[in-house]
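Heads up: numbering here begins at 1 and tracks the sequence. Every heavy atom of this structure was used, including side-chain atoms; hydrogens, water molecules and symmetry mates were not.
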Amino acid sequence: MSVLVSRPPAPRLARIANRRMAAARLTRDALEALISAGVLLVAVLASAVVQGYPLVVLELVLVYAVALLSLTVLTGYVGQISLCQASLMGVGAYLVGALMGHYGLSYWVAAPLSIALVFCAGIVIGLPALRLKGLTLAIVTLSLALLADYFLFADVSWLNNNSLGWRITPPTLLGHALDNSTGGGAALLYRVLLAATALAILAVARLRRGRTGKSWFAMRDAEIAASTSGVPIVSMKLLGFGIASALAALAGALYILAVGSVSPDPFNFAKSILLLAIAGIAGTRSLPGAVIGAAAYIGLPAVLQQFPNLAPLTPLIFGAGLIAQVLFAPQGIGGVLDATETRFFRVLAGVRRPATLAAEAAAAGVTGEPQEDDDGVV
């Protein structure tokens, strides 16, 4: 006597899998939004608890989170290497100082104008990337960083104020000067920097999930296939360089706002290399990784300065961290967090890995293969 085992029809199996995928995505998005809101609330309340030098450290963490965000876009999403992001950050800061110093512009006018100018410069910098990639492109961008060090920041008097740098008058907002010298002004300055950083992260997140981000990912993973599929490679690469440069300039504009002055030291080519190393450790494709990297970049030296014997070990610690990241976490700290979160929601929602789903679908006669997006969710 034979026993017949019923199997769900192929369309039904596909509908069940799709519902599980949608449930996993919605649950994950809701949790990420809740965590982001909680982190933002804690960050807002921090200014009421933290005062003095620790608050200045937090301000610089926000500034460099935006700087690392530019590498998230360019290296993580577009797949291009740049060794001149700190230089672009310096150009943004110097332009704000020059526009305010030479023409008497308000900070609120000079900052957007400098960001727009550096965005255009970034598109020009992106032109070599249309033909170059990898080590060759890295050498070109390193040459641009050296050009900024030994020419723009040293010899261009209009930009560097005759090599004296710039010190700006703190702008006012809501009747308070944005200055760390007063308690109310320091707290308001921190909140302005926090708002700018949060908006930058939100804008990049929207780009990542939209058509632009999908085009970047396709181009990064398989440029020839993306071109065949209709992705405009030239415009997407130039747009990536432009947006990354604008984010670096925004970081520079926030830097001069937080510090009140600008000099060449924080923006030399060595800082660009260090920023790229920090981005690699934290995860170039992870938005939380940009914040984690900025906290390490600013927070670790600030902590080690309290122990004079340990302060010289900062470069050694970063170097050891980079080696450990390459060996044990190729996607960086943020990538590890994303992968852990993805596995958790797969188990929670009963969603199996794409290969397993594809095998089950093939056995049931369903064509096509479930795909993962850049967040790792099928």
Side-chain angles (χ1 to χ4, degrees), residues 21-22 24-37 39-40 62 64-82 85 115 119 122-123 126 129 195-223 225-226 229-233 235-251 275-276 278-280 282-294 330-342 345 354 370-378:
M21 294 174 193
R25 186 185 298 276
L26 286 175
T27 306
R28 181 174 181 172
D29 289 346
L31 181 60
E32 287 180 347
L34 183 62
I35 293 175
S36 300
V39 171
L40 184 61
L62 294 173
Y64 279 92
V66 178
L68 289 170
L69 200 62
S70 71
L71 284 168
T72 299
V73 170
L74 189 59
T75 303
Y77 298 169
V78 184
Q80 302 294 322
I81 296 177
S82 172
Q85 292 306 107
I115 293 170
F119 173 82
I123 293 177
T197 304
L199 289 175
I201 293 175
L202 180 61
V204 172
R206 291 293 299 271
L207 282 173
R208 173 180 182 165
R209 292 187 175 273
R211 186 183 298 272
T212 300
K214 295 182 186 303
S215 298
W216 282 340
F217 302 151
M219 181 178 66
R220 176 197 67 197
D221 295 335
E223 185 173 317
S229 301
V231 175
I233 301 297
S235 59
M236 284 296 102
K237 278 189 178 182
L238 295 181
L239 179 64
F241 270 91
I243 291 176
S245 299
L247 286 169
L250 172 61
L275 278 179
L276 185 59
I278 293 295
T284 55
R285 299 183 184 181
S286 172
L287 292 178
V291 180
I292 294 171
Q331 296 301 322
I333 298 173
V336 171
L337 295 177
D338 289 341
T340 303
E341 185 183 7
T342 298
F345 279 105
Q371 299 292 327
E372 290 189 61
D373 63 12
D374 205 60
D375 292 320
V377 178
V378 295

>> Quick check: closest heavy atoms across Ala65 and Ala294, and the distance to 0.1 Å?
In response: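 Shortest heavy-atom contact: N-CB, 3.3 Å.
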
>> Tell me the closest heavy-atom pair linking Gly293 and Leu68, and the distance in Å.
In response: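 Nearest pair, atom of Gly293 first, then Leu68: C-CD1, 3.4 Å.
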
Anything under 3.5 Å between a donor and an acceptor, one on a side chain of residues 239-251, the other on a protein residue two or more places apart or in another chain? List them.
unit_1: Ser245; atom_1: OG; unit_2: Phe241; atom_2: O; d: 2.8

Determine yes or no for a side-chain-to-main-chain donor-acceptor pair under 3.5 angstrom, with [X] supplying the side chain and [Y] the backbone.
X	Y	value
Ser229	Ala225	yes
Thr197	Leu62	yes
Trp216	Met236	yes
Ser235	Pro232	yes

Between atom [atom1] of [X] and atom [atom2] of [Y], what is the distance when rounded to the nearest 0.5 Å?
X	Y	atom1	atom2	answer
Leu202	Leu207	CG	CG	10.0 Å
Thr72	Arg285	OG1	CZ	11.5 Å
Leu74	Leu69	CG	CG	11.5 Å
Leu71	Thr284	CG	OG1	8.5 Å

> For Ile233, what residues pass the side chain to side chain contact (heavy atoms under 4.5 Å, CB included) criterion, not counting sequence neighbours?
Replying inline: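 Listed in chain order: Met219, Glu223, Ala226, Ser227, Val231, Lys237.
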
> Any side-chain heavy-atom pair from Val204 and Tyr77 closer than 4.5 angstrom?
Replying inline: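 With C-beta onward as the side chain, the pair touches.
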
>> The criterion is side-chain hydrogen bond (donor to acceptor under 3.5 Å, both in side chains); which residues satisfy it with Gln85, sequence neighbours excluded?
In response: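 By the side-chain hydrogen bond (donor to acceptor under 3.5 Å, both in side chains) rule, Gln85 matches Ser70, Ser82.
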
